Amino acid sequence: MNDQTVKKTILSGIQPSGALTLGSYLGAIKNWAALADEYNCYYMMADMHAITVRQNPAELRKRTIEQLAAYIAAGLDPEKNTIFIQSHVSAHAELSWVLSCYTMFGELSRMTQFKDKSAKNADNINAGLFTYPSLMAADILLYQADLVPVGGDQKQHVELTRDIAVRFNGVYGDVFKIPEPYIPKVGARIMSLTSPENKMSKSDKDPGGCIYIMQPPEEIMRSFKRAVTDSETQVRYDVANKPGVSNLMQIYAVATGKSFDEIEKEFEGKGYGDFKLTVGEAVVELLRPIREEANRLLADKAYLESVYKDGAARAARTAYRTLNKVYKKLGFVAR
Ligand code: TRP
């Protein structure tokens, strides 16, 4: 038996619609790196998803490459993982069309992210923003993924993917593997430093709320010094009443491996000022080697190009196998 039959398959992606955040590193990429030996892993730069919101072309191109460099610098080994750019494997666009014919208007209308994003982009509620989950379903189903590591906000899209796959299989037989969301237990949700009720996001209106993997240390420290806490003085984990402090504890815990108990003891009798500085310094040290390695890789364009070309070639082999099967089932004449 080869790897593909023994190992389960994982697929995930991040949109290069903004620089990579500390939230995507701690909540996603850091965990992905540990999965490479056990699973057959595919990770993409979801550039086709990114254009559902207007992007500056030069910046999109730059961020896509930066994201690739950061993936590798954060520990995703391109020999062990298939890392590729979504638009390089045209099967994504092709299957997405097919699946949009098996996705219901009502289902898409219920997607929370569509409602949020159309409220935020009221002047550009385009059809792609609406059918985005069909594209995401294509991403997942093309690779017959068993598990899809996502943050809680994407769970609904993975559930819709399952419904689409079940519906399609119901008509045509076993074409698609039914995937499951895979939500890591720790560090899955890093919140904004300035509005800790909301997820840390590159689309945050307040720039201080979000930390970026490639950000210089002085800026990181400035954001941590300004992080929102509460009117008490005690470092204690209590998400409901102390969302800001709990988020900082969560970040510190993942950055250092310390438990919440240990952290509470460490800061007993100390003020929030000390606490925020210590968390900031831990994050600076956590990100330093990644930033340095990503910058080194970014200077080696030929290497990065070889990684994404090889990744696309490998991804395409699997993707077209599924797409051909789908076309045949649908009754399309073989090309
Ligand atoms: N929609 C995801 C997000 O915004 C990114 C994404 C695109 C994705 N395709 C995917 C995630 C497939 C998992 C699987 O975060």
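Please read these numbers as outputs of a predicted model, since none were measured by experiment. Atoms within a ligand are numbered from 1 in the order they appear, just like the ligands themselves. Just so it is clear, the values below take in all heavy atoms, side chains as well, and ignore hydrogens, waters and symmetry mates.
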- Message: Please say yes or no: joined through hydrophobic side-chain contacts below 4.5 Å, possibly via intermediate residues, are Met48 and Leu323 part of one cluster?
- Response: no
- With heavy atoms only and a cut-off of under 4.0 Å, state how Asp153 meets ligand 1: side chain, backbone, both or neither. neither
- Query: Considering only heavy atoms, does Val158 approach ligand 1 within less than 4.0 Å through its side chain, its backbone, both, or neither?
  - Reply: neither
Going by distance only, is there an N or O of [X] that falls short of 3.5 Å from an N or O of ligand 1?
X: Asp139; answer: yes
X: Tyr132; answer: yes
X: Gln15; answer: yes
X: Gln154; answer: yes

- Got a sec, which pairs hit side chain to side chain donor-acceptor pair (under 3.5 Å) with one end in residues 157-166, sequence neighbours left out? Gln154-His157
- At a 4.0 Å cut-off, with the gap strictly under it, does some heavy atom of Met44 reach an atom of ligand 1? yes
- Query: Hey, are the side chains of Glu219 and Ile211 touching, using non-hydrogen atoms and a 4.5 Å cut-off?
  - Reply: no
- Query: What is the ring orientation for Phe267 with Tyr252, classed by angle as parallel under 30°, tilted 30 to 60°, or perpendicular over 60°?
  - Reply: perpendicular
- What class does the angle between the rings of Tyr71 and Tyr43 fall in, given that below 30° is parallel, 30 to 60° is tilted and above 60° is perpendicular? perpendicular
- Message: Strictly distance-based, threshold 3.5 Å: is any side-chain N or O of Asp274 a donor or acceptor partner for the main-chain N or O of Lys270?
- Response: no
Element-labelled atoms of ligand 1 that are located less than 4.0 Å from some non-hydrogen atom of [X]:
X: Val148; result: 13 (C), 14 (C)
X: Leu11; result: 12 (C), 14 (C)
X: His49; result: 7 (C), 9 (N)

- Not counting sequence neighbours, which residues clear side-chain hydrogen bond (donor to acceptor under 3.5 Å, both in side chains) with Thr233? List them please. none
- Query: How close does the nearest protein non-hydrogen atom get to atom 6 (C) of ligand 1, and which residue and atom is it?
  - Reply: Gly13 O, 3.8 Å
- So, do Tyr308 and Phe84 have ring centers that fall under 6.0 Å from each other? no
